[in-house]
Amino acid sequence: MKYNFSEIEKKWQDRWDAEGAFRAADPGEAGSEKKKFYALVEFPYPSGAGMHVGHIKAYSGLEVVSRKRRMEGYNVMFPMGFDAFGLPTENYAIKTGMHPRAVTDKNIEKFTSQLRRVGFAFDWNRVVDTTEEDYYKWTQWIFLKMFEAGLAFRDTALVNYCPSCKVVLSNEDSQGGKCDICHSDIIQKSKDVWYLRITEYADKLLFGLDGVDYLPNIKQQQVNWIGRSEGAFVNFTLTGKEDKLRIYTTRPDTLFGVTFMVMAPEHPLIDKYADSINNMADIEAYRTECAKKTEFERTQLVKEKTGVRIDGLTAINPINGKEIPIYIADYVMMGYGTGAIMAVPAHDTRDFEFARKFGIDVIEVIKGGDIEKEAYTGDGEVVNSGFLNGYNNKKDSIRRAIEELQKLGTGEGGVQYKMKDWAFNRQRYWGEPIPIVHCPHCGMVPVPYEELPLRLPNMTEFAPGQGGESPLARIEEYVNCTCPKCGKPAKRETDTMPQWAGSSWYFLRYIDPKNNDALADRAKLDYWLPVDWYNGGMEHVTRHMIYSRFWHKFLYDIGAVPTAEPYAKRTAQGLILGPDGDKMSKSKGNVVDPNDVVNEFGADVLRTYILFMGDYGSAAPWSESSVKGCKRFLDRVADLYDIAKGSGATAELESAFHKTIKKVSEDYEAMKFNTAIAALMGLINDIFDHGSLTRDELSVFIKLLCPVAPHLCEEINEKLGNKKLLSLSEWPTYDEAKTIDSTVEIAVQVNGKLRGTIMLPVDCPKDDAIAAAMADERVAAAIEGKTVIKQIAVPNKIVNIVVK
RNA sequence: GCGCCCGUGGCGGAAUUGGCAGACGCGCAAGAUUUAGGAUCUUGUGUUAAUUCGUGCAGGUUCAAGUCCUGUUGGGCGCACCA
């Protein structure tokens with residue numbers, strides 16, 4: 001058969017479209033009685049550059065699984081959409097003068113046509129676009145629900161700020177402590193920021209992982225990101241002051257080893273007691289120095305400890321009444337714990353370095369190391385610690401210490417997380433407007449639900465304002481409004497939501513994309529949730545995955561969705577590297593454009609190669625010549641049609657078919673696409689060796705290959721005289737008995753070295769196998785003149801004869 | 001620094017519970033076909049004089065180790081002064 005890919009690919013894409021082949025049936029519709037399968041892939045950001053081969057790989061995995069499941073009789077939903085708010089589009093718009101709306105529409109159109117050309121079996125009736133009013137209406141709705149629940153709030157925080165440009169900069173725009181635009185020094189400035197209180201959900205996000213089927217490394221990364229630690233809060237009296245200095249520690253059992261305290265430079269108690277501090281000038285100088293450092297410098301460039309002793313403030317150790325000095329140092333962060341620590345130099349590396357530099361006492365309280373040389377952080381017997389002396393086990397001594405603190409009323413057990421609250425506003429145009437009104441009388445007032453969506457006003461200049469404020473702040477008719485509560489003049493919030501907002505719930509909207517009354521109909525949510533299988537990149541395992549799990553859990557708590565977890569299963573694909581083995585990038589010039597491959601070899605070849613190139617979860621370099629190998633394979637598949645006349649299969653080929661059906665069925669489910677395709681290549685080699693196959697056998701072959709190379713397989717199917725789409729036909733089944741050969745080749749080893757192979761009937765008794773092995777010529781030669789000590793026979797696998 | 005993962009031919013990569021290492025593909029070689037090139041087809045292809053040696057390196061467990069254990073080295077990813 002002639003394989004004219006460009007002709008047949010277009011033809012079948014149109015047919016699938018015309019027949020609505022991949023439309024998912026909603027509850028109540030015909031087809032919904034089948035078992036549902038909701039397969040989700042991460043929707044793309046529609047950049048102007050168009051699709052990347054990485055996109056194809058990301059979608060191909062579940063494309064194959066969902067096509068197979070459909071053929072197995074599932075009601076499959078495999079949707080696609082666009083995560084279209086964001087900076088690149090806005091920057092492009094600023095540069096070209098086009099409106100971001102127009103840029104987005106253009107890019108979505110481009111992506112859509114590229115995705116269609118690859119032949120993905122998406123349900124195109126369910127497309128969502130996060131920038132459409134009907135969509136972001138519900139993003140805003142969720143925000144307001146969070147606001148009502150106290151989970152969205154405003155607070156002041158330190159941000160990177162360029163005093164010369166008067167703009168707030170992201171960490172990326174302020175690397176090295178210099179402004180990316182004018183190269184002047186960046187300072188840390190307090191600014192009002194919107195937060196979502198994700199920390200409130202830390203435990204739910206952590207413990208929810210027990211009930212989901214994510215790849216182990218994905219779970220591990222989420223666990224690390226949440227960063228739960230157990231310890232204690234301890235209140236140290238400030239000598240002669242009313243306030244207590246509250247600290248967090250994971251080792252309250254080392255309290256007797258505390259020789260100083262450290263506060264973060266920004267700690268509020270410093271200002272409160274400025275009058276009592278004798279060296280306030282030194283402290284201010286140190287603070288200014290710290291404020292210059294970006295978050296990057298402060299955390300990444302670990303170097304010598306710095307700090308200043310606070311002259312005039314001391315603390316009292318509640319456990320032994322000792323008076324100890326207090327320092328400020330930037331190795332203590334305001335953003336973690338309480339912004340102050342008790343320092344135990346004998347058993348903490350950082351405290352040890354600091355104590356060495358400032359000549360502070362080091363008191364050993366846990367035996368096991370040499371505290372003259374370095375901090376000992378291991379376990380051991382507690383010493384020099386009063387009532388804690390003699391404990392040998394961290395768990396017990398910590399428990400005892402917490403009990404004692406509670407008795408004294410000066411501390412208690414507590415939990416801390418590395419995860420921080422989610423800074424949720426951006427001073428940009430191309431994002432969802434935050435639906436809040438600032439009223440001088442009523443404070444922050446939510447825009448009433450019935451007024452959603454709060455639309456992005458039309459404008460032509462999108463560059464951020466000079467003072468670091470959103471471009472929306474320049475539109476007076478947008479900013480000036482009336483308070484929904486008291487009706488008096490008020491001002492609208494002008495910040496927008498970050499990129500991560502729209503993608504935090506898109507999988508819910510696919511379920512009911514056109515609903516005007518709810519984010520999705522409840523009966524449909526009940527039917528489709530949870531997402532059965534979600535695949536995407538490792539880079540989204542922490543941010544996007546955690547954010548969306550958070551939103552979903554919140555929606556669950558307010559009764560808006562039926563499941564506590566959004567995704568039942570999560571996998572990740574590996575990167576496609578450039579032919580040189582480096583990450584693909586424009587600057588290296590090693591980017592492969594999927595369109596070129598489709599033009600030259602066809603979409604089926606592109607799909608086959610991407611799935612065949614290596615383990616789906618691992619990174620693998622692109623190879624032009626291997627692409628040609630896949631082309632050769634599909635050419636041979638087309639040739640199968642010409643020899644599909646054979647009458648009756650040989651037993652040999654029949655068994656090969658049954659084995660392949662089994663292997664391919666299992667491998668697709670396990671995302672082992674490379675070995676599934678290898679098995680089909682092996683089978684086609686067997687078929688050509690045999691010289692012919694039956695039409696039924698060809699039919700089985702193309703069904704197995706259909707999820708990978710659907711256009712070619714549909715074409716062959718039609719040539720075979722079938723009117724029904726192959727994509728909607730039944731998945732082949734196999735007979736387990738026929739996958740087992742009647743005879744097997746058994747390896748025979750002598751002292752663990754291979755000495756020959758023998759053919760034996762399947763499940764041959766051990767004694768017979770050993771006898772047959774002993775009778776083998778080469779084996780006999782190898783054991784000649786030696787004593788047989790042991791004979792091991794593993795049925796259908798191996799015989800090993802141990803001799804001396 | 002901490003956590004996780006990975007080192008297999010010239011290359012990409014296969015190898016259930018430990019059980020014939022190198023499936024499948026690329027590349028390469030020889031032959032066929034072709035005016036030539038390209039394409040296609042056939043055969044061969046870890047290494048060795050060998051029944052040898054072979055899964056980063058060094059040990060160990062085992063009748064048997066790519067697979068399990070210990071150490072080490074090289075690479076990747078994540079987190080990172082987290083108290």
Side-chain angles (χ1 to χ4, degrees), chain A residues 215-225 227-229 231-232 247-251 254 262 264 298-303 305 329-333 335-344 347-351 353-354 377 416-420 538-539 541-542 574-575 577 579 581 608-609 612-615 617-633 635-636 639 666 672 674-685 688 745-757 778 781-782 789-803:
Chain A
L215 289 179
N217 54 332
I218 294 176
K219 266 192 198 181
Q220 191 59 49
Q221 271 195 36
Q222 295 202 0
V223 169
N224 292 345
W225 179 268
R228 184 181 205 269
S229 89
I247 62 96
Y248 175 72
T249 178
T250 52
R251 294 301 301 267
T254 61
V262 185
R298 220 173 127 174
T299 58
Q300 302 283 354
L301 306 174
V302 180
K303 28 155 211 342
K305 296 278 176 290
D330 64 358
Y331 82 90
V332 172
M333 311 288 154
Y336 183 79
T338 61
I341 60 158
M342 63 177 216
V344 185
H347 306 291
D348 180 283
T349 321
R350 295 149 300 170
D351 297 346
E353 285 170 23
F354 193 87
T377 53
Q416 279 293 301
Y417 304 92
K418 285 187 197 174
M419 189 170 68
K420 291 174 186 167
M538 281 307 291
E539 69 276 19
V541 158
T542 42
L575 286 178
L577 306 172
T608 306
Y609 172 64
F612 180 65
M613 64 195 297
D615 173 52
S618 310
W622 187 269
S623 159
E624 176 77 16
S625 51
S626 290
V627 175
K628 286 183 188 151
C630 291
K631 174 68 163 68
R632 235 168 265 167
F633 169 57
D635 283 340
R636 272 156 69 79
D639 290 342
E666 289 171 357
K672 291 165 77 173
N674 54 338
T675 52
I677 293 167
L680 287 167
M681 287 171 168
L683 179 60
I684 209 171
N685 289 343
F688 277 106
E745 197 183 37
I746 304 263
V748 181
Q749 299 180 332
V750 176
N751 285 349
K753 300 225 173 192
L754 184 68
R755 285 294 180 256
T757 57
R778 282 176 57 197
I789 298 170
K790 203 170 177 181
Q791 294 163 316
I792 293 130
V794 179
N796 303 328
K797 287 269 164 79
I798 204 162
V799 172
N800 192 9
I801 295 159
V802 187
V803 295

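Predicted model only: the values in this text are computed from it and were never measured. Letters go in sequence order (proteins before strands), and every chain restarts at 1.
To the nearest angstrom, P of B:G1 lies 19 Å from CG of A:Asp351. The separation between A:Leu577 atom CG and B:G75 atom C1' is 13 Å, rounded to whole Å. Between A:Asp639 atom CG and B:A39 atom P the separation is 16 Å, expressed in whole Å. Per the geometry, CD1 belonging to A:Ile218 stands 14 Å off P belonging to B:C5, to the nearest Å. The interatomic distance linking A:Glu624 (CD) with B:G12 (P) rounds to 17 Å, in whole Å. Atom CD of A:Gln220 and atom C1' of B:C4 are 7 Å apart (whole Å). A:Tyr417 places its OH atom 18 Å from the P atom of B:A80, with the value rounded to the nearest Å. In this entry the distance linking CD of A:Gln416 with P of B:C82 reads 14 Å, nearest Å.
When the ring-ring contact (aromatic ring centres under 6.0 Å, His included) test is applied to A:Trp225, no partner is found at least two apart in sequence or on another chain. With sequence neighbours excluded, no residue forms a side chain to side chain donor-acceptor pair (under 3.5 Å) with A:Tyr609. With sequence neighbours left out, A:Arg228 forms a salt bridge (charged side-chain N to carboxylate O under 4.0 Å, His left out) with A:Asp203, A:Glu230. Annotation: salt bridge (charged side-chain N to carboxylate O under 4.0 Å, His left out) contacts of A:Arg755 (sequence neighbours excluded): none. Residues passing the ring-ring contact (aromatic ring centres under 6.0 Å, His included) test with A:Tyr248 are A:Phe233, sequence neighbours excluded. Considering only residues two or more places apart in sequence or on other chains, A:Gln220 meets the side chain to side chain donor-acceptor pair (under 3.5 Å) condition with A:Asn224. Residues meeting the salt bridge (charged side-chain N to carboxylate O under 4.0 Å, His left out) test with A:Asp348, sequence neighbours left out: A:Arg350. Residues forming a salt bridge (charged side-chain N to carboxylate O under 4.0 Å, His left out) with A:Lys418 (at least two apart in sequence, or on another chain): none.
For the pair A:Tyr609 and A:Gly752, both in contact range of RNA chain B, the more 5′-proximal nearest nucleotide belongs to A:Tyr609. If A:Asn217 and A:Ser623 are placed on RNA chain B by their nearest nucleotide, the residue sitting closer to the 5' end is A:Asn217.
B:G75 adopts an anti glycosidic conformation, its chi angle falling more than 90° from 0.
On the C1' atoms, B:C57 is 11 Å away from B:G7, given to the nearest whole Å. Look at the C1' atom in both B:U67 and B:U17: the space between them is 11 Å, to the nearest Å. Going from the P atom of B:A21 to that of B:A32 covers 37 Å, rounded to whole Å. Here, B:A15 and B:C82 have their P atoms 41 Å apart, quoted to the whole Å. Comparing B:G56 with B:C6, their P atoms sit 13 Å apart, to the nearest whole Å. When the P atom is compared between B:A80 and B:C20, the two are found 45 Å apart, to the nearest whole Å. Across B:C69 and B:U61, the matching C1' atoms stand 7 Å from one another, rounded to whole Å. B:G27 and B:G10 have their C1' atoms separated by 7 Å, given to the nearest Å.
Under the 4.5 Å side-chain criterion, counting only non-hydrogen atoms from C-beta, A:Gln222 is in contact with A:Val541. Side-chain contact between A:Gln416 and A:Thr250 is absent, with no heavy atoms from C-beta onward closer than 4.5 Å.
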Look for any protein N or O under 3.5 Å of an N or O in nucleotides 47-53 of chain B and output each such pair with its distance, or none.
none

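Of all non-hydrogen atoms in A:Ala747 and A:Thr757, the two that sit nearest each other are CA-CG2, 4.2 Å. Pairing each heavy atom of A:Ala620 with each of A:Met613, the nearest pair is O-CE, 3.6 Å. Listed here is the closest heavy atom pair of A:Tyr336 and A:Ser229: OH-OG, 3.5 Å.
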Using Watson-Crick and G-U wobble pairs with both distances under 3.5 Å, what is the 5'-to-3' dot-bracket string of RNA chain B, with [ ] for crossing pairs and | for pairs outside the strand?
(((((((..(((......[....)))((((((.......))))))(......)..(((((..]....))))))))))))....
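Backbone-only engagement by A:Asp615 is indicated by non-hydrogen atom pairs under 4.0 Å involving sugar-phosphate atoms exclusively.
Remark: A:Lys305 is positioned above the aromatic ring of A:Tyr331, its terminal NZ or CZ atom under 6.0 angstrom from the ring centre and at most 45 degrees off the axis.
No hydrogens or angles were tested; on distance alone, a donor-acceptor pair under 3.5 Å links the side chain of A:Lys305 to the base of B:C81.
For residues 335-343 of chain A, proximity to RNA chain B is found at A:Tyr336, A:Ile341, defined as any non-hydrogen atom under 4.0 angstrom from a strand atom.
Looking at A:Asp351, its side chain does come within 3.5 Å of a backbone N or O of A:Val344 through a donor-acceptor pair. No side-chain donor-acceptor contact under 3.5 Å links A:Gln221 to the backbone of A:Thr542.
Not one side-chain nitrogen or oxygen of A:Arg350 sits closer than 4.0 Å to the OP1 or OP2 atom of B:G1.
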Scan nucleotides 15-25 of chain B nucleotide by nucleotide, 5' to 3', and note B when protein non-hydrogen atoms come under 4.0 Å of the base, S if they reach only the sugar-phosphate, - if neither.
S-B-BB--BBS
